[in-house]
Amino acid sequence: MSRRYDQKTNTFTPDGRLKQVEYAIEAINQTGSALGVLTNDGMILATEKQEVSHLLEHSKNSEKIYPIDRHIFSVVSGHTADANILINYAREAAANHRYQFQDNIGLEQLIINICDYKQNKTQVGGQRPFGTAFLFAGYDKENGFQLFSTDPSGNYAGWKATAIGKNNLAANSYLKQDYKDNLTLEQGLDIAIKALVKTMDTSSPQPSKIEIVVISKQGKEVKSKTYNEKEVLSLLQKNGFSNEQMQQE
């Protein structure tokens, strides 16, 4: 009986669940974690890089954190191939809005657009949900800095701080306990690195396996800064995650 509900994306189980959507969410929970933290001065996106093989050439660009528009960034957890489709869709939607209205697209407006597209994949037979979740961070002049999460079902939610991906429950528990309103960027970075380490399989993480992007407003422009390994190492040491091996690297 249960198998016939597993095989279709658009068939509800007797207790009202969509099994394929739940399986997509479970696939996301097997991949590297990602989190976002909202502060007074900007946004912090952080994620764990998962190394498949030391023989792979490192990406010259960010592996999991993507710019969508000049004022919007996203971090991905889940299947990269699925994420690339949605990243391109989001970039096209933002570019079309700018071309038509000569203005930045609102962050929540973009999220609704993407989530409508994702939700459609849960209704059409012969298709499957996207096996990827996002955190979107951005700025607009009406609402300031904002952080949203989206999942394969097409649901989205606004957050002050949240985590997705592997061991997200541990990170979210820490964020719920330690997050406070009116954080500075420096305080937000400390909380972000501590929460991210809680999702990792080691208490002595390597800087090469952590990616951090800080989004802030400078004048009238929204700018991003990607932390290099030396800056990540300094942040880890500041928060008590250091050892001799890390210092040698």
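Quick caveat: nothing in here was measured; it's all calculated off a predicted structure. Atom set for the values below is all heavy atoms of this structure, side chains included, hydrogens, waters and symmetry mates excluded.
- Annotation: side chain of I114 is not in contact with side chain of Y156 (no heavy-atom distance under 4.5 Å).
- Ring geometry, Y117 versus Y89: the interplanar angle falls under 30°, so the pair is classed parallel (tilted spans 30 to 60°).
- Surrounding NZ of K225 are more than 12 heavy atoms belonging to other residues, nucleotides or ligands, all under 6.0 Å away.
- A distance-only check finds a donor-acceptor pair linking the side chain of T47 to the backbone of S33 [under 3.5 Å].
- Side-chain contact between D69 and H97 is absent, with no heavy-atom pair separated by less than 4.5 Å.
- K194 contributes no side-chain N or O that, together with a main-chain N or O of Y174, makes up a donor-acceptor pair within less than 3.5 Å.
- Salt bridge annotation for D201-K209: absent, with no cationic side-chain nitrogen under 4.0 angstrom from a carboxylate oxygen.
- Residue-environment remark: NZ (K160) stays at or below the threshold of 12 foreign heavy atoms within 6.0 Å.
- N120 contributes no side-chain N or O that, together with a main-chain N or O of D116, makes up a donor-acceptor pair within less than 3.5 Å.
- With rounding to the nearest 0.5 angstrom, the CZ atom of R98 is 3.5 Å from the CZ atom of R70.
- Side chain of K217 to backbone of G219: a donor-acceptor contact under 3.5 angstrom is found.
- Here the side chains of I28 and P152 are in contact, with some heavy-atom distance below 4.5 Å.
- With contacts defined as side-chain heavy-atom distances shorter than 4.5 Å, the pair Y66/R91 qualifies.
- Remark: the T39 side chain and the D41 side chain contain no N/O donor-acceptor pair separated by less than 3.5 Å.
- Taking 4.5 Å as the limit, some side-chain heavy atom of L107 sits within range of a side-chain heavy atom of F136.
- Contact annotation: the side chain of V75 never approaches that of V213 to less than 4.5 Å [non-hydrogen atoms, C-beta and beyond].
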**Request:** Kindly determine whether K141 and D103 satisfy side-chain contact (heavy atoms from CB on, under 4.5 Å), including the steps that lead there.
**Result:** CA-CA 11 Å; K141 52 193 174 186; D103 196 11; 3.8 Å; yes
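- Put simply, the side chain of N172 gets close to the backbone of N168: a donor and an acceptor are under 3.5 Å apart.
- Salt bridge status for K64 with E211: absent, with no side-chain N to carboxylate O gap under 4.0 Å.
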**Request:** Give the intermediate values and the outcome of side-chain contact (heavy atoms from CB on, under 4.5 Å) for residues N104 and D140.
**Result:** CA-CA 8 Å; N104 294 338; D140 65 53; over 6 Å; no
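- Counting all heavy atoms, side chain and backbone alike, G188 lies closest to I44 at C-CD1, 3.2 Å.
- Looking only at side-chain heavy atoms (C-beta outward), T150 and L86 stay at 4.5 Å or farther from each other.
- Sparse packing is recorded around CD of E92, with 12 or fewer heavy atoms of other residues, nucleotides or ligands lying under 6.0 Å away.
- In this structure, the side chains of T184 and N40 stay at 4.5 Å or more apart for every pair of heavy atoms.
- Other residues, nucleotides and ligands contribute more than 12 heavy atoms inside 6.0 Å of the NZ atom of K238.
- One finds the OG1 atom of T199 at 11.0 Å from the CD1 atom of I164 (value rounded to the nearest 0.5 Å).
- Around CD of E142, the count of heavy atoms belonging to other residues, nucleotides or ligands within 6.0 Å exceeds 12.
- Salt bridge absent: D82 and K118 never bring a charged side-chain N and a carboxylate O closer than 4.0 Å.
- Atom CD of Q109 sits in a crowded spot, with more than 12 heavy atoms from other residues, nucleotides or ligands closer than 6.0 Å.
- Atom-to-atom distance recorded for I212:CD1 and N228:CG is 10.5 Å, nearest 0.5 angstrom.
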**Asked** What do the steps show when you test T226 against I65 for side-chain contact (heavy atoms from CB on, under 4.5 Å), and what is the final call?
**Response** CA-CA 10 Å; T226 302; I65 302 178; over 6 Å; no
